[in-house]
Amino acid sequence: DCISLYNKLFLLCYPSIPHNLTHPSNAKRPVPFNSLTKDSCTMAVSVAGNFTRVRVSCRTPSQTTGRSYYCDFQGKPTQCRAYNNNPRHYFTQMMWELRKLKNSCQGAKIYRPHMCRKYSDEAQMTFLNSWPKTSAPKPSKPVQEQNKPAEPTQIKPTMKPQKGKPQLGKGSQSKKSTIKPVKTTTLPTEEPESKVSRLATEYCWKSFHGLCSYVIGWFQN
């Protein structure tokens with residue numbers, strides 16, 4: 001029929017595809033493949049209720065320091081009509097994507113084989129878990145934030161005393177209470193009475209002694 005003819009032509013074009021997926025009854029057998037870094041891997045298909053599961057198990061090529069890891073995927077590819085017609089091709093397309101990775105468990109979270117890419121996420125193979133679990137690295141701070149210059153310390157300006165009107169207080173009261181000195185005119189000092197009287201007696205009449213004494217004293221000053 002057309003399907004068997006298509007399978008034969010497909011195998012002629014892609015001889016590297018494992019032959020244990022050429023028949024739907026053999027789709028659940030482990031499929032060996034190598035990753036980009038030559039890790040030896042196998043892909044095993046199983047059924048869990050309404051879900052189809054795929055476990056990818058790998059081991060690094062080093063015999064002495066080789067380490068193992070695996071990851072599981074789960075989905076409902078039976079919702080895709082093309083999968084029901086040819087399930088082995090569905091997993092073959094998924095295997096092609098896994099072969100391109102250095103670590104086959106560090107790829108996409110959802111695999112959408114080309115033959116069922118138009119269907120919902122439920123029909124695709126979604127990442128379930130892995131071992132060993134690797135913690136996601138914490139995002140590093142931006143370079144600009146690390147090299148951010150330190151903010152200069154703010155210096156508070158010192159308050160200078162303002163020149164202005166003095167506040168009302170003791171100073172102002174003392175200022176008001178101060179009395180400005182009054183200029184006084186010095187009156188002419190009188191000479192000793194004996195000298196003035198003697199001159200008045202010599203040059204004035206007796207009846208004018210008082211007036212003469214005043215005049216003589218005024219002229220002498």
Side-chain angles (χ1 to χ4, degrees), residues 1-140:
D1 54 355
C2 294
I3 296 177
S4 61
L5 180 61
Y6 173 79
N7 292 337
K8 292 179 181 179
L9 292 174
F10 189 84
L11 289 175
L12 290 175
C13 296
Y14 301 97
S16 61
I17 296 175
H19 291 277
N20 58 346
L21 289 180
T22 57
H23 194 275
S25 61
N26 296 328
K28 297 180 183 179
R29 294 183 180 179
V31 182
F33 67 95
N34 292 328
S35 67
L36 187 64
T37 54
K38 303 303 180 182
D39 292 349
S40 179
C41 303
T42 57
M43 185 175 65
V45 181
S46 61
V47 177
N50 297 328
F51 293 93
T52 300
R53 289 185 179 178
V54 172
R55 167 162 289 195
V56 178
S57 303
C58 299
R59 183 175 179 82
T60 55
S62 177
Q63 295 181 356
T64 56
T65 61
R67 62 183 184 87
S68 301
Y69 60 91
Y70 70 84
C71 50
D72 296 328
F73 298 88
Q74 180 176 275
K76 294 181 179 180
T78 53
Q79 296 181 0
C80 174
R81 183 177 180 181
Y83 172 85
N84 295 326
N85 294 334
N86 193 358
R88 61 96 184 163
H89 191 43
Y90 180 92
F91 296 111
T92 300
Q93 291 180 348
M94 182 178 176
M95 183 189 64
W96 288 343
E97 298 299 324
L98 296 173
R99 291 171 62 177
K100 298 176 183 179
L101 303 174
K102 294 181 179 180
N103 187 316
S104 296
C105 288
Q106 294 181 356
K109 296 299 181 183
I110 299 178
Y111 283 94
R112 299 176 179 274
H114 184 76
M115 61 192 296
C116 295
R117 69 184 185 279
K118 295 182 180 180
Y119 286 80
S120 63
D121 293 347
E122 191 178 10
Q124 314 303 330
M125 300 308 296
T126 305
F127 176 82
L128 190 61
N129 53 46
S130 65
W131 183 90
K133 295 182 179 181
T134 56
S135 58
K138 295 182 179 180
S140 58

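Closest of all the heavy-atom pairs between Met94 and Met125 is SD-CG, 3.9 Å. The shortest non-hydrogen separation linking Val45 to Val54 is CG2-CG2, 4.1 Å. Residue Lys76 comes nearest to Asn50 through the heavy atom pair CG-O, 3.6 Å, listed as atom of the first residue, atom of the second, then distance. In terms of heavy-atom proximity, Trp131 sits nearest to Ser68 at CZ3-O, 3.4 Å. Across all non-hydrogen atoms, the minimal contact from Pro30 to Pro32 is O-CD, 3.7 Å. Of all the heavy atoms in Tyr90 and Ala123, the pair that sits closest is OH-O, 3.2 Å.
Classification of the Phe127-Phe73 ring pair by plane angle, with boundaries at 30° and 60°, yields perpendicular.
Between Cys41 and Asn34 the shortest side-chain heavy-atom distance does not fall below 4.5 Å. Put simply, the side chain of Ser104 reaches to within 4.5 Å of the side chain of Phe33, judged on heavy atoms. A heavy-atom distance below 4.5 Å is not found between the side chains of Arg53 and Asp72. Between Leu101 and Leu36, the closest side-chain pair of non-hydrogen atoms is not below 4.5 Å. For the pair Phe91 and Thr52, the minimum side-chain heavy-atom distance is below 4.5 Å.
Here Met43 contributes atom CE and Arg99 contributes atom CZ; the two are 10.5 Å apart, rounded to the nearest 0.5 Å. Rounded to the nearest 0.5 angstrom, Gln74 CD and Asn129 CG are separated by 9.5 Å. One finds the SG atom of Cys58 at 9.5 Å from the CZ atom of Arg67 (value rounded to the nearest 0.5 Å). Rounding to the nearest 0.5 angstrom, the gap separating the OH atom in Tyr69 from the CD atom in Gln106 is 8.0 Å. Here Lys38 contributes atom NZ and Lys102 contributes atom NZ; the two are 13.5 Å apart, rounded to the nearest 0.5 Å. Leu128 contributes atom CG, which lies 11.0 Å from atom NZ of Lys109 (distance to the nearest 0.5 angstrom).
When the SG-SG distance for Cys80 and Cys116 is compared with the 2.5 Å cut-off, it comes out below that value.
Remark: of the listed residues Met95, Glu97, Arg117, Glu97 is the sole one forming a side chain to side chain contact (heavy atoms under 4.5 Å, CB included) with Tyr111.
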Using the rule given for side-chain contact (heavy atoms from CB on, under 4.5 Å), can you reason through Arg88 versus Asn86, listing the C-alpha separation, both sets of side-chain angles and the distance that settles it, and then say yes or no? CA-CA 6 Å; Arg88 61 96 184 163; Asn86 193 358; 3.1 Å; yes
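Using a distance-only test at 3.5 Å, with no hydrogens or angles considered, no donor-acceptor pair links the side chain of Ser57 to the main chain of Tyr70. Panel note: side chain Gln79, backbone Tyr119; no donor-acceptor pair is recorded below 3.5 Å.
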